[in-house]
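To keep things clear, I will list the structure first and then write my remarks on it.
All values below were derived from every heavy atom in this structure, side-chain atoms included, with hydrogens, water molecules and symmetry-related copies excluded. Residue numbers start from 1 in every chain, and the chains themselves are labelled A, B, ... in the order their sequence lines are given, proteins ahead of strands. Everything numeric in this text was worked out from a predicted model, so none of it was measured.
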Amino acid sequence: MTLSVPHNFNFWRTVYSHGWCSLPPFLVDKETRTLRIVFDVGPGDPAGVEVCQPRRGILAIKAQRGTLSSPGKRRLLEGLRTVLRLDEDLSEFYAQARRHGRFRWVSRMGAGRLLRAPTVFEDVVKMICTTNCSWALTETMVNRLCAKLGRSEGVHTDTRHDFRLHSPHVRPLKDFGPQAGFAFPQPEAVADCSEKFLRKEIHAGYRAPYLLQLSRRVVKGQLDLESWRTVDAPTEELYKEVSSVKGVGPYAAGNILKLLGRYDYLAIDSWCRKTFFEIHKNGRRTNDRIIERFYEPFGKWKGLFFWMDLTKSWYEHDVPF
DNA sequence: GCGTCCAGGTCTACC
DNA sequence: GGTAGACCTGGACGC
């Protein structure tokens with residue numbers, strides 16, 4: 001299949017816009033500049049696809065196994081548009097970037113589209129898994145969530161369901177891994193787990209009750225995460241709702257909002273602080289208020305300008321990390 | 001190999 | 001509203 005994309009759309013820079021591309025069910029082939037994704041959206045089995053950009057304005061999409069039905073194809077393309085932010089209008093952001101010498105490179109490079117998951121649920125769970133830990137631990141948690149609770153592409157029955165509740169016969173992790181083609185787990189799969197399982201088998205630690213509460217609220221219909229991408233509420237109101245999720249504080253909420261297309265919050269974490277100090281203060285530490293004041297002139301786009309500023313050096317490398 | 005220390009955000013209790 | 005301490009894991013370090 002092929003998919004038309006905006007003329008200034010930069011596939012590779014969208015893939016490497018932040019760390020999500022190194023977490024399953026994403027998998028990057030740096031040699032061929034291909035992004036692999038396992039989608040588990042809608043009815044039917046999860047579908048693995050490979051995406052690359054052979055030339056400007058076009059994406060080439062290859063399904064991994066078997067043939068897809070027409071509704072399956074449609075869902076897949078919709079999923080890709082969501083993940084790559086193809087329908088997001090960044091013209092106002094680019095216009096503003098062109099007015100600042102410091103950010104002229106942004107529109108020239110086609111930067112600014114932040115890779116996201118097909119579902120808000122996946123983005124929120126992953127964001128909680130980035131809090132208060134190293135990136136290595138985030139990778140461990142997300143790898144294990146997919147390997148132990150996600151459905152495998154083309155597999156009709158999920159026998160792994162049997163050991164979710166305390167079973168000592170957990171399949172060794174080496175049998176899985178991102179290459180194994182597991183999708184991100186559905187909310188039901190996480191909601192069915194015990195807290196002990198999430199703590200010990202997923203290595204979620206104290207985050208386990210947060211993940212459990214989130215999934216169970218979603219399954220019971222008490223929390224409509226997916227509506228966050230389309231809701232017409234003021235960003236401040238949405239920020240409050242996002243922050244009401246246990247385990248989601250200012251850093252996580254600000255970043256979740258960015259993945260919802262709202263850039264009014266900076267979402268400062270330790271890496272951002274360190275990088276800001278290096279770029280703007282010769283490594284000298286300041287406080288967060290100084291950082292916030294620095295990006296205040298960028299108004300509702302300040303969160304995206306902040307991220308572009310901190311990751312500018314990534315664009316000097318074909319493969320930044 | 002073992003023990004200790006520390007970094008990393010969020011929550012809760014307390015002032 | 002602000003602050004201290006607990007939460008948990010994994011990496012770095014010293015022995």
Side-chain angles (χ1 to χ4, degrees), chain A residues 18-20 22-24 114 116-117 120-149 166 170 172-174 176-178 185 190 193-218 222-223 225 228 236 238-260 262-278 281 283-293 295 302-303 306-307 310-311 321:
Chain A
H18 62 121
W20 258 208
S22 63
L23 298 176
L114 306 181
R116 66 181 176 185
V120 179
F121 174 73
E122 184 177 329
D123 277 334
V124 174
V125 169
K126 282 177 172 172
M127 202 61 76
I128 291 174
C129 291
T130 66
T131 59
N132 202 24
C133 64
S134 62
W135 185 252
L137 180 54
T138 299
E139 288 181 323
T140 297
M141 285 187 266
V142 178
N143 263 314
R144 284 170 174 261
L145 276 169
C146 293
K148 290 169 180 281
L149 300 174
H166 314 299
V170 174
L173 194 70
K174 63 179 172 55
F176 306 120
V190 183
C193 293
S194 65
E195 187 182 314
K196 186 180 170 190
F197 178 87
L198 292 174
R199 275 181 187 273
K200 297 301 168 195
E201 296 301 329
I202 305 300
H203 290 206
Y206 71 92
R207 300 166 198 82
Y210 304 153
L211 299 179
L212 213 47
Q213 190 190 66
L214 170 72
S215 311
R216 288 178 179 168
R217 282 177 72 195
V218 170
Q222 294 167 345
L223 188 62
L225 294 179
W228 289 354
E236 204 176 325
L238 188 56
Y239 178 84
K240 277 183 194 156
E241 191 174 343
V242 173
S243 303
S244 75
V245 173
K246 277 273 190 299
V248 174
Y251 148 81
N255 273 329
I256 289 167
L257 281 176
K258 287 179 190 175
L259 299 182
L260 297 172
R262 317 258 193 150
Y263 305 99
D264 312 51
Y265 293 84
L266 299 189
I268 304 169
D269 67 359
S270 55
W271 181 84
C272 292
R273 261 179 222 109
K274 181 173 156 281
T275 308
F276 178 87
F277 300 150
E278 283 167 5
K281 303 287 173 189
R284 191 165 43 85
R285 296 181 67 85
T286 57
N287 60 47
D288 287 359
R289 267 182 230 113
I290 302 278
I291 303 177
E292 276 156 17
R293 234 179 285 149
Y295 295 97
K302 58 176 172 271
F306 176 53
W307 188 248
L310 301 189
T311 58
F321 52 83

Specify the separation, in whole Å, of atom OH of Y251(A) and atom P of dT10(B). 8 Å

Any donor and acceptor pair, going by atom type alone, linking the side chain of N255(A) with main-chain N or O of K258(A) inside 3.5 Å? no

Interatomic distance, M127(A) CE vs dT10(B) C1' [rounded to whole Å]: 15 Å

Going by atom types only, do Y206(A) and N132(A) share a side-chain donor-acceptor pair under 3.5 Å? yes

Nearest-Å distance, NZ (K274(A)) to P (dA7(B))? 14 Å

Using whole Å, report how far CD of Q213(A) lies from C1' of dT12(B). 14 Å

Please find the pair of heavy atoms, one from R217(A) and one from V245(A), that lie closest to each other, and give the distance. NH1-CA, 4.4 Å

Give the minimum heavy-atom separation between L259(A) and M127(A), together with the two atoms involved. CD1-CE, 3.8 Å

Whether Y265(A) and Y239(A) hold their rings parallel, tilted or perpendicular, with breakpoints at 30° and 60°: parallel

Given atom CG of L214(A) and atom C1' of dC11(B), what is their separation to the nearest angstrom? 16 Å

For residues A253(A) and V248(A), report the shortest heavy-atom separation together with the two atoms involved. N-CG1, 3.5 Å

For a quick check, with a 4.0 angstrom heavy-atom cut-off, what is the B/S/- contact string for nucleotides 7-13 of chain C, read 5' to 3'? BSSS---

Length of the line joining N255(A):CG and dT10(B):C1', which is rounded to integer Å: 15 Å

